[in-house]
Every structure is written in C-alpha cells, then in structure tokens.
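This report refers to the structure that appears directly beneath it.
First the proteins, then the strands, lettered A, B, ... as listed; each starts at 1.
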Amino acid sequence: MEDRKESLNFIEQIVAEDLATGKHASIMTRFPPEPNGYLHIGHTKAICINFGMTEKFGGVTNLRFDDTNPETESTEYVEAIKKDIQWLGFEWGEREYYASDYFGQLYDFAVDLIKKGLAYVDDSTSEEMAEGKGNINQPGTNSPYRERSMEENLDLFERMKNGEFENGSRVLRAKIDMSHPNLLMRDPVIYRVKKAHHHRTGDAWNIYPMYDFAHGQSDSIENITHSLCSLEFENHRPLYNWFIEQLGIYPSRQIEFSRMNVTYMITSKRRLLRLVNEGVVSGWDDPRMPTVSGLRRKGYSPEAIRTFCDKAGVSKREQTVDVGLLEECLRQHLNKTTDRIMAVLNPLKVIITNYPEDKVEDMSIVNNPEEENPTYRTIPFSRELYIEQDDFKEVKPNRKYRRLAPGEIVRLKSGYIIKCDDYVKDEETGEIKELHCTYFENSRSGSDESGLKPKGTLGWVSAKHAVKAEARLYDRLFTDPNPLGHEEDFMHYVNENSLEVLPEIMVEPSVMERSVGDRLQFMRIGYFCIDPDSTSEKLIFNRAVTLKDTWAKIQRKS
RNA sequence: AGCUUAGUCGUCCAAAGGCAAGGAUACUGGAAUUUGACUCCAGUGAUACAGGUUCGAGUCCUGUCUAAGCUUCCA
C-alpha cells in the first residue's frame, strides 16, 4: 500500500526529521494574526500550513493574536478572525492566546536585557534614530545614549512604564551592532511609549513591545516548536534567535515560506480599504473581495479553499497562483456536493402548442447525480415554459450547434422532446418574444419510446410555477491579472463589469425551501449561493463560479 | 550598492548526485453524455546563462544575470 513515499514540502521534511530524530516528541505551531483587519485568501495559506502541519503530524496549533499595537487593533477583528478560521474548519480549542497576555513577562525580559547590558533607553527623536541607523551601504553610528549606566536604564525604563514620558519621547533599544549588515540588528527598538487604550489590557500599560520583541518570545513562552511564517520575516530571524539566546528561553524555530498571491486579486489591506471606501465594492464581505468573508458570501466552501491552498503548495519561491485553480477547486467540490436546480437567467417563453392548457405533470429529476445513492424530487411541467434566450437561434449557426432553432428538436432535461415550429419576433427591436413548439407525447423522460435522438438538452422552468428571483453575476474585480504590476494606479484596472444584476430570473419552485448560504448548481449555468440580502419574498442568488463552457470557447474562437 | 532568499512546462509543486525530469491546472485533439458539466483517452510544454567537479549534475562549486524583501517608535 505504502510503496511510494509521498513527497513532503520542505517544512514537512524538517518536521518529519525533527520527529524522527527525537528532537521533538510532538510539535506545536501557531497562527498569529494581528487583530487589525479581516482575513483574506493570503492568510488562508498560513492558516492551512500551520494548522495542517499538526493535523498531519500530530500536535497542537495555537491561535495567538499578535496584539501589540493598540492603536489599530480591536475585539471586533478578533471575533471576525475567529469566525473565519472556524469556518475554514480548524479548531484551537482552549488554546486561544494573546501576546498581550505576556506583557508582564515581556517587560521582565526587557529588564533582564538591561541588566545584562544588552538594552538601553534612547532619548533620540525618530529622525535622529533614522539618521544614526545608516543605510544599506553605510554603517550606522552609535546613539549618544548607548552607554548609559544599567541603573539609569532601569530607572528610565520603569518611568517609561509608569507613564512619566510622552509618546515618542523615549524608546528602549536592544544593544547589538550599529554596523551590522542586517539593518534589523542595528539596535532595534523593542519598546515604545504609547499611551493608548488596549482592547484587552485597557490602560494598564504606557509602553508596548514591538513585533520583534513580542513575537519570538510569545512563541517561546508557548513552547512553539516550529514558527511558520512568510518570507518577509526572513530578515527578522537573526533577531528572533538573538533574543531567544540572550534571554536563554525556549528555542522556537522560525521557518519562512513564500506568501501566496493570486492572479486578478490584491490583498493589501490599505488597497482593499480603498475599494471599500471608494464604493467599488459594497463592503469587506462583498463577494468580489478576496477576504474570507467575501469568498464565503460568494459561495466558496471551506473545502474548496483548503484544497486550493494544498494544491498551491509550499515553497520559498515567489508564487502567483492562477485564480483559475481556485475556481476549479470550487467546481470540483460543488460538483460533488450540490443539488442541480432548474433556473433560467434570461427567460424566453416557449409555448407547447399541442400540450393541454391546464395539464400539469410532475417530472422526476435527480438532485445530484454524483451522489452514491442519488435522490430525486419532482418539478412541474406545463404548456408554457421558459428556456434560456441563448438556447434559441433563428438560424442554426453551424453543424455543431445542438440547441433550438426552427425545425430542430431538443430534449428538455427530465421532460419531453420538443420541436420548434415557429417563433414570434418584435420586428422593431429584433427581440425574440416567444417560441411555438410541439412536444412528442411518447418521449417523456424515463419512458421514452419516440426513438428520437436529439443532440441537445436544455434547462427549463414551467412559467406558471416559476419563482422569480434576483441573480448577481460576479466576475473578476480587475481586468488585469496583476493590477499592481503597472505604472498606473491599480484602480485603473478595476473591472467595471464585475457585477451584473439580473433582477428577474426564473427558478423552479423548490428553491423556496432553501435558505441563506445554501449552495446549488443551476443546471448548465453555474454554481450559486443564496445571499443574506434575500427576503422571504425574493431570493437573491450569488454566482460563485460558472460551469466550464466549451461551447462558449468554440464561439470565441470563431 | 550591503544583507537575506529564490530562479524547473503558461501557472503552481515534485525529483535528498543515478531510468525517458514527474504531478496538478491551463491549453489542443478525441470518446462518452438526458448538464456543450462531470468522467475517460491522447497530445503540446521546463531545469536563467557560462564555466567547473564527477563515470554521471536540475541537484555540488565558481562567476554572471534576473526577481523579491529589508533602509517606520507596523505586524
């Protein structure tokens, strides 16, 4: 059975090795979001890697909020983030932590560093510090405050804590090396005065640790074995290790992977905010947004997103994944799991002239043919139906065409075979008003004795039974696969047609039994999800993704 | 320019010095089909460049080129 070794990504190889050599008896990872924004598709990769690692190798994953900058963080984001991770299907149980829980320990760590002569209070302004930092070509210069005595540093730092100094007046810096080739090692700031209200610690603190002095130590405090983060923190690793070594605390190991970009999407918080503020989208959960909440509202399933992250893979190469892969993962999951529903987006009336006026037949139709034990429901068939406008042409365009045209026959899915005899056209507008067809009485689906072999099968809805609904057809938010890769501002590439609203589509009556968030397939059209804007009178369907359309492709080519 | 990292089919990921560089997706062609979906079959397509080590290099070494990150009291 296990004849070929499944290939592991480079992080899994490290973990497997650490487990095999006994370096660790079990592993612990963490997902450390800052609660200052909503999770997006890029975050899902980090979530899948961190939680996925312990699902695969055993061990636990902590959820830890990196809340060290009170000015931008809030509990609202905490709740939204928790909801999104849960929805993705990951659990952290009781293991919900906050960097702010460690403020006391972090303060003690800082004091310890001062006592070891490895940190000092600097009174310089931020401009002076920036100057002293040097740049990539030039070494920095030592701060005039660098050689303060330990006692003075201790006193000053405590007074910083006590709120005796104003915001920005003093910082605590690690004393490392002002000429280090890695700029982050040039005496980085580790504490700043910030008299701000914190969403959890309230007004208890007047100083807050910087990321570099909070993240690694938090990992260490929790005994995280493998701290998996994105490539942008590569430069921070020497510092991460330096603090752990100097403090003599648990040596968590940081490993970096490349973050995920997706074509036609952007994930920068600042830029997404512009889309929201400038009204390009309706909000953070607009179905066109790359946020988890947006994807969810659009109709994405957690399974599809997780499969996508899995297929995108893990490496250290810059990655831009084709959004087509995301869409394909959705199709694959929804194909297996959703019921097929009859719906007509752009209705064209069909009158079956030889079908009795008041007759209604219940036609049996399979809910989802992909199920192991398929179930069935009935849909009403009557004299007047709707079909898709696209499914009729006045003249058959070519030999490959398999839909309705004068004189042609088609199968109505799970109904009868019909023949188009005539059509009514508005000569002014050229619009086709209705079709006149005849049906073959002995061609009923399931008991077809007509011997006819129509080439095409169409979807349809009985006119008098149809439920009117709204459809929102979403397309990519940008017209360019890399909206940030140009001279012009990314707003220049916003797709003006990313949303098409169809106020009155026709759907089979069974949809009234569905509820908000339900996903289903409109036969031959695409996968849809019921939007929360729906009311009891009017359902609203968001298009999550279209079905593949080979015919459209053929037409495009000619 | 300094440091760090990375260059493999269009895209994403494999191949720990050893078969014909493999898979996914995309693309092309075909089969089947009461969804032009799904499924099935076949095909196109890559080791950045130049040297070197080796019986043998995508993999090791040297150099070149290219790309990304770092030069905020954000994370």
Check against salt bridge (charged side-chain N to carboxylate O under 4.0 Å, His left out), A:Asp448 and A:Arg411: CA-CA 11 Å; A:Asp448 185 0; A:Arg411 157 74 64 185; 2.8 Å; yes
Residues within residues 121-135 of chain A bordering RNA chain B, heavy-atom distance below 4.0 Å: A:Ser124, A:Ser126, A:Gly134, A:Asn135
Nucleotide B:rA37, atom P - distance to CD of A:Gln521 in whole Å: 12 Å
Atom NZ of A:Lys56: over 12 foreign heavy atoms under 6.0 Å: yes
Given RNA chain B, 5'-ward residue of the pair A:Glu73 and A:Ala312, judged by closest heavy atom: A:Ala312
Under-4.0 Å side-chain N/O to phosphate OP1/OP2 contact, A:Thr263 with B:rU11: no
Touch class at under 4.0 angstrom, heavy-atom based, for A:Gly456 against every strand present: nothing
Ring centroid separation A:Tyr211 to A:Phe233 under 6.0 Å: yes
Nearest listed nucleotide, side chain of A:Asp322, among B:rU11, B:rU5, B:rG36: B:rU11
Under 4.0 angstrom between A:Lys553 side-chain N/O and B:rU28 OP1 or OP2: yes
Separation between the P atoms of B:rC41 and B:rG51, rounded to whole Å: 43 Å
Watson-Crick and G-U pairing of RNA chain B, under 3.5 Å, as dot-bracket with | and [ ]: .((((((..((((....[...)))).(((((.......)))))....(((((..]....))))))))))).....
Touch class at under 4.0 angstrom, heavy-atom based, for A:Arg186 against every strand present: nothing
Sugar-phosphate only, base, or nothing, as touched by A:His180 at under 4.0 Å among non-hydrogen atoms: nothing
Side chain A:Asp187, main chain A:Asn142, donor-acceptor under 3.5 Å: no
Closest to the A:Arg411 side chain, choosing from B:rA75, B:rU34, B:rC3: B:rU34
Salt bridge (charged side-chain N to carboxylate O under 4.0 Å, His left out) between A:Glu303 and A:Lys336, intermediate numbers included: CA-CA 12 Å; A:Glu303 291 88 342; A:Lys336 296 288 181 203; over 6 Å; no
Parallel, tilted or perpendicular: rings of A:His43 and A:Phe31 (30°, 60°): perpendicular
Among B:rG69, B:rU5, B:rU25, the one nearest A:Glu328 by side-chain distance: B:rU25
Touch class at under 4.0 angstrom, heavy-atom based, for A:Asn137 against every strand present: base
Distance-only donor-acceptor test, A:Arg403 side-chain atoms vs B:rG36 base atoms, 3.5 Å: yes
A:Tyr401 six-ring centre to A:Lys393 NZ/CZ under 6.0 Å and within 45° of normal: no
Pairwise P distance, B:rU71 and B:rA26 [rounded to whole Å]: 39 Å
A:Glu234 CD - B:rU71 C1' separation (whole Å): 17 Å
Polar pair under 3.5 Å, donor/acceptor by atom type, side chain A:Asn235, base B:rG69: yes
Beyond-backbone contact of A:Val121 with A:Arg148, side-chain heavy atoms, under 4.5 angstrom: yes
Touch class at under 4.0 angstrom, heavy-atom based, for A:Phe233 against every strand present: base
Touch class at under 4.0 angstrom, heavy-atom based, for A:Pro369 against every strand present: base
Touch class at under 4.0 angstrom, heavy-atom based, for A:Asn69 against every strand present: sugar-phosphate
A:His333/A:Arg306 under side chain to side chain donor-acceptor pair (under 3.5 Å): CA gap, chis, key distance, verdict: CA-CA 11 Å; A:His333 181 239; A:Arg306 290 175 62 163; over 6 Å; no
Touch class at under 4.0 angstrom, heavy-atom based, for A:Val189 against every strand present: sugar-phosphate
Residue-phosphate contact under 4.0 Å: A:Gln13 side-chain N/O, B:rA15 OP1/OP2: yes
Distance between C1' atoms of B:rU5 and B:rA42 (Å, rounded): 40 Å
Touch class at under 4.0 angstrom, heavy-atom based, for A:Lys400 against every strand present: base
Aromatic plane relationship, A:Tyr77 with A:Tyr38 - under 30° parallel, 30 to 60° tilted, over 60° perpendicular: perpendicular
Sugar-phosphate only, base, or nothing, as touched by A:Gln332 at under 4.0 Å among non-hydrogen atoms: sugar-phosphate
Between B:rC38 and B:rA75 - P atom distance, rounded Å: 47 Å
Parallel, tilted or perpendicular: ring planes of A:Tyr102 versus A:Tyr97, cut at 30 and 60 degrees: tilted
Closest to side chain of A:Ile136, choosing from B:rC70, B:rA14, B:rC12: B:rC70
Heavy atoms from other residues, nucleotides or ligands near CZ of A:Arg377 exceed 12 (cutoff 6.0 Å): yes
Side chain of A:Gln319 - closest among B:rU35, B:rG36, B:rC13: B:rC13
Sugar-phosphate, base or nothing in reach of A:Leu231, heavy atoms under 4.0 Å: nothing
Face-to-face contact A:Tyr211 to B:rA75 six-ring, under 5.5 Å, under 30°: no
CA sep, side-chain torsions, deciding dist, call: A:Asn368, A:Glu370, side chain to side chain donor-acceptor pair (under 3.5 Å): CA-CA 5 Å; A:Asn368 179 0; A:Glu370 297 282 333; over 6 Å; no
Sugar-phosphate only, base, or nothing, as touched by A:Gly168 at under 4.0 Å among non-hydrogen atoms: base
C1'-based separation of B:rA20 from B:rG45 [nearest Å]: 16 Å
Qualifying salt bridge (charged side-chain N to carboxylate O under 4.0 Å, His left out) pairs with a residue from residues 170-180 of chain A, counting only residues at least two apart or across chains: A:Asp122-A:Arg173, A:Asp123-A:Arg170, A:Glu147-A:Lys175
Touch class at under 4.0 angstrom, heavy-atom based, for A:Thr320 against every strand present: sugar-phosphate
P-based separation of B:rC13 from B:rG52 [nearest Å]: 32 Å
Distance, P atom - from B:rC9 to B:rC49, rounded to whole angstrom: 10 Å
A:Ser414 side chain near B:rU34 phosphate (N/O to OP1/OP2, under 4.0 Å): no
A:Lys455 side chain near B:rU34 phosphate (N/O to OP1/OP2, under 4.0 Å): no
Distance test, side-chain N/O of A:Lys548 to OP1/OP2 of B:rC38, below 4.0 Å: yes
Sugar-phosphate, base or nothing in reach of A:Thr68, heavy atoms under 4.0 Å: sugar-phosphate
Pairwise P distance for B:rA1 and B:rA57, with rounding to whole Å: 33 Å
Whole-Å gap separating C1' (B:rG36) and CG (A:Asp549): 7 Å
Among B:rC73, B:rU5, B:rA14, the one nearest A:Arg192 by side-chain distance: B:rC73
